[in-house]
There are 2 protein chains.
Amino acid sequence: MTEQIATRKSFRRAGEDKRREDLIAATLECVAESGLAGATIREIALRADVTPGLIRYYFPTKDDLISAAYRAVMDRMTVQAGDALKNAADDGRARLSAFVTANLGQPIMDPHNLSLWAGFIALVHADPIMAAAHRDGYLRFRDELEILIREALIAAGKPAEPHHTRRHAIAVNAIIDGLWLEGCLAGDMFAKGELAVTGVSAIEAVLGVSLQIEGGAA
Amino acid sequence: MTEQIATRKSFRRAGEDKRREDLIAATLECVAESGLAGATIREIALRADVTPGLIRYYFPTKDDLISAAYRAVMDRMTVQAGDALKNAADDGRARLSAFVTANLGQPIMDPHNLSLWAGFIALVHADPIMAAAHRDGYLRFRDELEILIREALIAAGKPAEPHHTRRHAIAVNAIIDGLWLEGCLAGDMFAKGELAVTGVSAIEAVLGVSLQIEGGAA
DNA sequence: GCAGTATTTATACGCTTGCATAATTACAGC
DNA sequence: GCTGTAATTATGCAAGCGTATAAATACTGC
């Protein structure tokens, strides 16, 4: 039996980018599993197979890490929704439909994402910097949506005046957010794909346009 | 100059109900001001003008207090929305419209409420008790909404089959939640009453029913 | 190979937290 | 008024938190 004297942890250096990524990933794991309260420096370090001190080397304060993680989640969701557009048909209606469906299905509509998001939203009220970060994200999302709506209206041969598309964007954004919430919080109460269908239908009604075109995309 | 020896805090006994109310109110103040993280036992006790130990007398654990506070918030919002119905006309369409408008205006659509709500939602994923509390509130709200929708459809002479009203309730609930979110987070970006109007319009489109009847309610 | 430095570990400090327990005190019933 | 008890305060503890700082180590350039 070898004497197990306290020995210093062996380690390998990792590039700055890699480390930051790993630390953010570990943070998201913690939050996903036990909420923001469970995302302690020590627990995060444990998951990243690193000692707590190192975190401070890359993120001066815990808030820096947390807000970086928040941005990462938002970016990830944006990218995931964007990917759905790449595979969509050219038609504006199909694109809008694909966008909505992507946002109301896996992996975006996920309780873990909600936990993270809610934790941050709770901070928005107290922290102006966080509030600004959130507003940026919100406006970016809504602008993207407004463009998709305009394209869908045009594809359907309907007028697309800015005054109307803005209001439509607000309403459609609400539908997506609201259903996303419902799905994240009580996904088991709905059949698979039910919320996506519900969302597309509601949006069709609001826009007065059918988003289903014959021989739809895959 | 009187000797200021450490003297025991004087106190008056309060009824059990009153104390519970006060403690919950103090909890809500804390959460509203600085998020769930700011709602510590000591800070809550301070606001309620009570010593920390007393909290344990009424709420065995902190989670008990927090979840009680969450239920209180939900109940309050439910009551406020319900009040709007009392003053509404008899017509099902007017009632639905009033309900939506109430939920998308003061005092329900308020950043403080959002902070509270988000803080709790962040816990739902990790805490089964909190999850149950939320689900109860959600279903109660949606059921109430479904009844209003059915009445509105009937008032408009439209069929109101359970299969349809359920889906409608899901969609309308999403619209209300989504717009409520938008308003709470960035109320200054919208004209007063804009979101309520947007919500009613969107719901009219989804239901295929006009909620505005000639000589509308006050 | 060797020296220098950026990266990582180790250790510890000061604070705050939720919770437990014992001592006190206001009130109710007689 | 006195007594008993329920409500409240006071005190303290053990654990966990974020952060600071110094020592050790893996890698880089020569």
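Proteins get letters first, then strands, A, B, ... in listed order; numbering begins at 1 in each.
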* To do: Rounded off to whole Å, could you give me the NZ-to-P distance for the B:K18 and D:dT8 pair?
  => 11 Å
* Name the closest nucleotide to the B:R13 side chain, picking from D:dG12, C:dA26, D:dC27. => C:dA26
* Whole angstrom is fine here: how far is it from CD1 in A:I66 over to P in D:dT19? => 10 Å
* To do: Check every strand shown and say whether A:T40 touches a base, only sugar-phosphate, or nothing at a heavy-atom separation below 4.0 Å.
  => sugar-phosphate
* Asked: Between D:dG18 and A:T61, is there an OP1 or OP2 to side-chain N/O distance shorter than 4.0 Å?
  -> no
* Short question: side chain of A:D110, backbone of A:Q106 - any donor-acceptor pair under 3.5 Å? -> no
* To do: First locate atom OG1 of B:T198, then atom CZ of A:R167, and finally report the distance between them rounded to the nearest 0.5 Å.
  => 4.0 Å
* Take A:Y70 and A:V73 through the test side chain to side chain contact (heavy atoms under 4.5 Å, CB included) and record every step on the way to the result. => CA-CA 5 Å; A:Y70 175 64; A:V73 173; 5.5 Å; no
* To do: Could you tell me the separation between the CG atom of B:L23 and the P atom of C:dG18, rounded to a whole number of Å?
  => 14 Å
* Mind telling me whether B:W117 and B:W180 have parallel, tilted or perpendicular rings, with 30° and 60° as the class edges? => perpendicular
* To do: Using the closest heavy atom to pick a nucleotide of DNA chain C for each, name whichever of B:R12 or B:A39 lands nearer the 5' end.
  => B:A39
* Would you mind reading off the distance between B:E16 atom CD and C:dA28 atom P, rounded to a whole angstrom? => 15 Å
* What nucleotide, of D:dA23, C:dG18, D:dA10, holds the atom closest to the side chain of A:R8? -> D:dA23
* If you look at every strand shown and take non-hydrogen atoms under 4.0 Å, does B:I41 touch a base, only sugar-phosphate, or nothing? -> sugar-phosphate
* Select base, sugar-phosphate, or nothing to describe what A:Y58 touches, counting heavy atoms under 4.0 Å on all strands. => sugar-phosphate
* Length of the NZ-P vector between A:K62 and D:dT19, whole Å -> 8 Å
* Asked: Rounded to whole angstroms, how far apart are CZ on A:R42 and P on C:dT9?
  -> 15 Å
* Touch class at under 4.0 angstrom, heavy-atom based, for B:S10 against every strand present -> nothing
* Asked: Looking at A:Y57, does any N or O in its side chain come under 4.0 Å of the phosphate oxygens OP1/OP2 on C:dT7?
  -> yes
* Value in whole Å for how far the P atom of C:dG18 lies from CD1 of B:I55 -> 9 Å
* Can you tell which of D:dC27, D:dG12, D:dT8 lies closest to the side chain of B:F11? -> D:dT8
* For atom CZ of B:R19 and atom P of D:dT9, their distance in whole Å -> 7 Å
* Asked: Does the cation-pi check pass for B:R20 over B:F59, that is, NZ or CZ under 6.0 Å from the six-membered ring centre and within 45° of its axis?
  -> yes
